[in-house]
Number of protein chains: 2
Amino acid sequence: MNEPCKQHYVAGDDRRTAIAAATRTLIAEHGFEGLRMREIAERIGINIATLHYHVPSKAALVELLAQSLRDEFMAQHAANPRDALSPRQLLALEIDEFEQTVLTNPGLHIVYRELMNRAARDETVRTIISPLSQFWHNQITRILEAGRADGSFRADLDPQAGASIVIGSLIQYSRECHNKEVDFAPLRAELLRCVSTPGDPRPDERKTA
Amino acid sequence: MNEPCKQHYVAGDDRRTAIAAATRTLIAEHGFEGLRMREIAERIGINIATLHYHVPSKAALVELLAQSLRDEFMAQHAANPRDALSPRQLLALEIDEFEQTVLTNPGLHIVYRELMNRAARDETVRTIISPLSQFWHNQITRILEAGRADGSFRADLDPQAGASIVIGSLIQYSRECHNKEVDFAPLRAELLRCVSTPGDPRPDERKTA
DNA sequence: ATTAAAATCAATCAAGTGATTGATTGATGA
DNA sequence: TCATCAATCAATCACTTGATTGATTTTAAT
């Protein structure tokens with residue numbers, strides 16, 4: 001008979017990756033207040049002491065989680081080429097990438113929303129998540145500025161406020177699809193109408209699926 | 001000398017109100033995962049057993065909290081008269097009321113965001129918070145429909161998506177003012193521009209402060 | 001005044017809960 | 001081969017935490 005599969009001795013970095021993944025899953029399931037060190041260890045099949053060997057404390061775990069989230073968002077954003085795209089196409093791409101992430105990995109955004117709330121009162125989380133949010137906000141702001149400059153977006157558009165509107169709308173939509181199917185198309189179309197110059201000839205902005 | 005002020009024997013309803021208030025404060029401070037029955041009791045100066053007499057379990061406490069939040073939002077909304085207001089004025093009023101609440105009672109929205117997250121995985125919270133969110137969403141949707149009908153808002157405005165945009169933007173803004181001063185005016189102006197008919201003569205929509 | 005119900009508290013329980021200790025096991029380079 | 005170190009685990013500690021028990025005190029109705 002086979003011995004019970006001993007997965008002993010995994011390299012530290014891989015362990016930490018697995019720990020971050022399990023932490024995400026558990027937070028998505030039970031929220032921050034339901035996050036237990038023991039359950040993380042159990043989920044990846046290691047002893048609680050081994051978990052504390054790799055991640056010395058729960059605070060360090062939260063830090064690891066925040067970093068893991070930041071890394072994934074950054075990688076996601078760097079995946080698509082952005083050269084030679086019009087501002088309108090860039091904005092559409094941002095929306096499509098968000099929808100893609102929500103549908104592909106819904107737990108990611110559950111954890112992101114949880115971390116944003118926690119950032120309001122947790123210094124450590126804030127220093128990691130806040131730059132991420134600001135990067136996103138700047139990204140959208142610059143797209144809106146460019147579109148205003150080339151005339152495709154409204155001349156009286158406020159890029160800063162517009163970015164808050166776009167981001168807030170996307171997060172709101174991601175919240176609404178807790179389990180039911182949510183169609184991003186109406187939001188996508190409405191957001192593009194909101195910022196576009198009225199009466200502008202609208203080129204086909206269909207998704208590049 | 002005075003005896004240490006014994007606040008013994010308060011009516012049950014008043015106690016439950018005080019418990020709900022203390023619960024809000026504590027969640028705003030330490031989040032859901034930092035909510036402790038003992039700390040609630042301590043905050044209002046009663047024994048832990050007395051707390052359990054009025055609120056039998058932590059689940060019941062969360063339910064009480066959700067109801068308290070719903071009641072306050074509804075009361076807030078009923079405070080301002082809405083007769084004889086144009087759709088544009090109604091939308092502006094919604095935004096102003098939100099800003100007012102955020103500035104007056106910031107903890108309220110911290111708890112609201114926390115409850116919305118929890119609603120995604122907690123049936124009890126969802127059944128209380130979900131109708132509240134839908135009421136708000138319907139309110140905005142109807143305003144946008146009315147504005148589209150009377151020509152003050154864009155003819156191609158999608159009221160449903162527009163409501164998600166308005167609400168999402170407001171919540172996003174409330175998140176951004178975790179402690180720093182945040183000016184709602186730019187968002188307010190941009191939201192009104194987003195939905196308005198282009199080139200429309202814009203009457204003075206200043207706040208009725 | 002009597003009495004039943006409501007409200008309160010001190011003490012305690014059982015199940016966690018993050019963290020530590022001390023020893024063991026496997027990999028790796030000299 | 002052997003010494004070193006990263007990785008692992010069983011056992012346990014000290015403390016937390018939601019909840020309960022049983023008695024006591026105040027309120028309110030008769």
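Chain letters run A, B, ... following the sequence lines, proteins first, then strands; residues in each count from 1. Just so it is clear, the model here is predicted, and its values are computed rather than measured.
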Enquirer: Let's go through B/Arg113 and B/Ser174 carefully: what are the C-alpha distance in whole Å and the side-chain angles of both, what is the deciding distance for side chain to side chain donor-acceptor pair (under 3.5 Å) to 0.1 Å, and is it a yes or a no?
Expert: CA-CA 10 Å; B/Arg113 293 198 299 269; B/Ser174 82; 2.9 Å; yes
Enquirer: Round to the nearest Å and state the distance from B/Ile46 atom CD1 to D/dT26 atom C1'.
Expert: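 Taking atom C1' of D/dT26 as the reference, CD1 of B/Ile46 is at 16 Å.
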Enquirer: Which is more 5' along DNA chain C, the nucleotide nearest A/Ala49 or the one nearest A/Leu35? Just name the residue.
Expert: A/Leu35
Enquirer: Of A/Tyr53 and A/Arg38, whose nearest nucleotide on DNA chain D comes first from the 5' end?
Expert: A/Tyr53
Enquirer: Nearest-Å distance, CD1 (A/Ile48) to C1' (C/dT17)?
Expert: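 It works out to 9 Å between those atoms.
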Enquirer: If I take atom CD1 in residue B/Ile40 and atom P in nucleotide D/dT17, what distance separates them, rounded to the nearest angstrom?
Expert: 12 Å
Enquirer: Please verify the inter-ring angle class for A/His109 with A/Phe73; under 30° counts as parallel, over 60° as perpendicular, anything in between as tilted.
Expert: perpendicular
Enquirer: Show the numbers, then the answer: is there a salt bridge (Lys or Arg N to Asp or Glu O under 4.0 Å) between B/Glu145 and B/Arg142?
Expert: CA-CA 5 Å; B/Glu145 282 173 343; B/Arg142 263 176 277 153; over 6 Å; no
Enquirer: Specify the separation, in whole Å, of atom CE of A/Met37 and atom P of D/dC15.
Expert: 19 Å
Enquirer: Using a heavy-atom cut-off of 4.0 Å across all strands, would you classify B/Arg36 as base, sugar-phosphate, or nothing?
Expert: sugar-phosphate
Enquirer: What's the CD-P distance between B/Glu42 and D/dT16, to the nearest Å?
Expert: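 Checked: the CD to P distance equals 12 Å.
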Enquirer: Going by the angle between their ring planes, with limits at 30° and 60°, are A/Phe98 and A/Trp136 parallel, tilted or perpendicular?
Expert: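 Geometry flag for A/Trp136 against A/Phe98: parallel rings.
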Enquirer: According to a strict under-4.0 Å criterion, is B/Thr50 in side-chain N/O contact with OP1 or OP2 of C/dA7?
Expert: no
Enquirer: Give the rounded distance in Å between these two atoms: NE2 of B/His52 and P of C/dA14.
Expert: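 In whole Å, C/dA14 P lies 17 Å from B/His52 NE2.
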Enquirer: Would you mind reading off the distance between B/Leu51 atom CG and C/dA11 atom C1', rounded to a whole angstrom?
Expert: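 Whole-Å distance recorded here is 17 Å.
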Enquirer: Give a yes/no answer on whether the side chain of B/Arg15 brings an N or O atom under 4.0 Å of OP1 or OP2 in C/dT8.
Expert: yes
Enquirer: Do you know which of B/Gln89, B/Glu94, B/Gln139 makes side-chain hydrogen bond (donor to acceptor under 3.5 Å, both in side chains) with B/Arg82?
Expert: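 So, applying the side-chain hydrogen bond (donor to acceptor under 3.5 Å, both in side chains) to B/Arg82 and each of B/Gln89, B/Glu94, B/Gln139, only B/Glu94 qualifies.
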Enquirer: Please tell me if A/Asn47 has a side-chain N or O lying less than 4.0 Å from either OP1 or OP2 of D/dA10.
Expert: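 Looking at the OP1 and OP2 atoms of D/dA10, one of them is under 4.0 Å from a side-chain N or O of A/Asn47.
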Enquirer: Taking only N and O in the side chain of B/His54, is any of them less than 4.0 Å away from OP1 or OP2 of C/dT8?
Expert: yes
Enquirer: Without decimals, in angstroms, what is the distance between A/Lys58 NZ and C/dT20 C1'?
Expert: 17 Å
